[in-house]
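To start, the structure under review is shown below, and the notes come after it.
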Amino acid sequence: MSNITRNELQAELLHAVRGLKGQVIHNESLAVGVDWSRSSRTVVAKAKTGGQSRGEMLEAIHQEMADCQLCPLGRTRKNLVFGTGNPGARIVFVGEAPGADEDEQGIPFVGRAGQLLSEIIVKGMKLQRKDVYICNILKCRPPGNRNPQPDEISRCEPFLKKQLQLIAPEVICALGTFAAKTLLKTDIPISVLRGRFHSYEGIKLMPTYHPAYLLRNPAAKKQVWEDVKIIMKELNLPY
Ligand code: URA
């Protein structure tokens, strides 16, 4: 075996061990028994964490994954895009994965699709971005904005699951095919899924078209607005 091959092998082994270690830590921490009912979730969450606030707990997960190398995207990202917004949000928007702008800034939905999402939140729902929570299925940008790969999704999903457990929103809005399929574990097309609530771990989940799709197909904005109105009704927001 040549030296280069041995070095490569060592690097791969180190990478695999780090990944395995991280996965074990995440799986252990996922065992936290958060009660999903709105009335008791804060009490349970605090009891399990020595009185930390939800924001502090989210930040702890963020720090835990800050140097994540569980999948190859860790090597190509500029910034990990964890999520932003209100840790006590009543609604969480879940997108697909960071694009170039998000990778650059470390903040989800700040590019063109993000501007459209902001319009939906601000002009449509009469909320501010700081009122809601926004994150993605993948925390790191797939190179060239290619589709997320199944192994990347399965490595990253435990972090999202934990975020959603902590925030425990009343409604999740899954933006686009990947978010809807990943969260609902289905292959049913988004065009069929959208328009009604589904259940994600007991939380109402509304699938709708991704803002990037709306940029290409503005006619679909009408259907997204219908979905948003169903969400607003559920949250008792005036429209
Ligand atoms: N598209 C996504 O799905 N997420 C982002 O953060 C930006 C664009």
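FYI, side chains are in, hydrogens and waters are out, and symmetry mates aren't considered; it's all heavy atoms of this structure. In each ligand, atom 1 is the first atom listed, and ligand 1 is the first ligand listed. If you read the sequence from its start, that first residue is 1, and numbering goes on from there.
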Worksheet item: Which pairs, with at least one residue in residues 210-223 and sequence neighbours excluded, count as a salt bridge (Lys or Arg N to Asp or Glu O under 4.0 Å)?
Response: Lys222-Glu226
Worksheet, complete the sentence: Among non-hydrogen protein atoms, atom 4 (N) of ligand 1 lies closest to Asn136 OD1, 2.8 Å
Worksheet item: Does Ala113, backbone or side chain, put an N or O under 3.5 Å from an N or O of ligand 1?
Response: no
Practice prompt. May I ask you to list the atoms of ligand 1 that are less than 4.0 angstrom from any heavy atom of Pro108?
Written response: 6 (O)
Discussion item. I'd like to know if Glu152 pairs up with Arg146 as an ion pair, taking the criterion as any Lys NZ or Arg NE/NH1/NH2 lying under 4.0 Å from an Asp or Glu carboxylate oxygen.
Written reply: yes
Discussion item. Looking at Val81, is its backbone amide N or carbonyl O close enough to the side chain of Asn79 to form a donor-acceptor pair, meaning the two atoms are under 3.5 Å apart?
Written reply: no
Only distances under 3.5 Å count here; give the side-chain donor-acceptor pairs of residues 228-239 to other protein atoms, sequence neighbours excluded, each with its distance to 0.1 Å.
none

Discussion item. Closer than 4.0 Å to some heavy atom of Gly95 - which atoms of ligand 1 meet that?
Written reply: 3 (O)
Item to complete: Report, in ascending order of atom number, the atoms of ligand 1 lying under 4.0 Å from any heavy atom of His210.
Response: 1 (N), 2 (C), 3 (O)
Worksheet item: So does Lys123 have more than 12 non-hydrogen atoms from other groups sitting under 6.0 Å from NZ?
Response: no
Worksheet item: Which ligand 1 atoms are under 4.0 Å away from a heavy-atom of Glu96?
Response: 2 (C), 3 (O)
Discussion item. Under 4.0 Å, heavy-atom basis, I'd like to know which part of Ala97 is in contact with ligand 1: side chain, backbone, both or neither.
Written reply: backbone
Worksheet entry | Lys139 and Gln163 side chains, donor-acceptor separation under 3.5 Å | yes
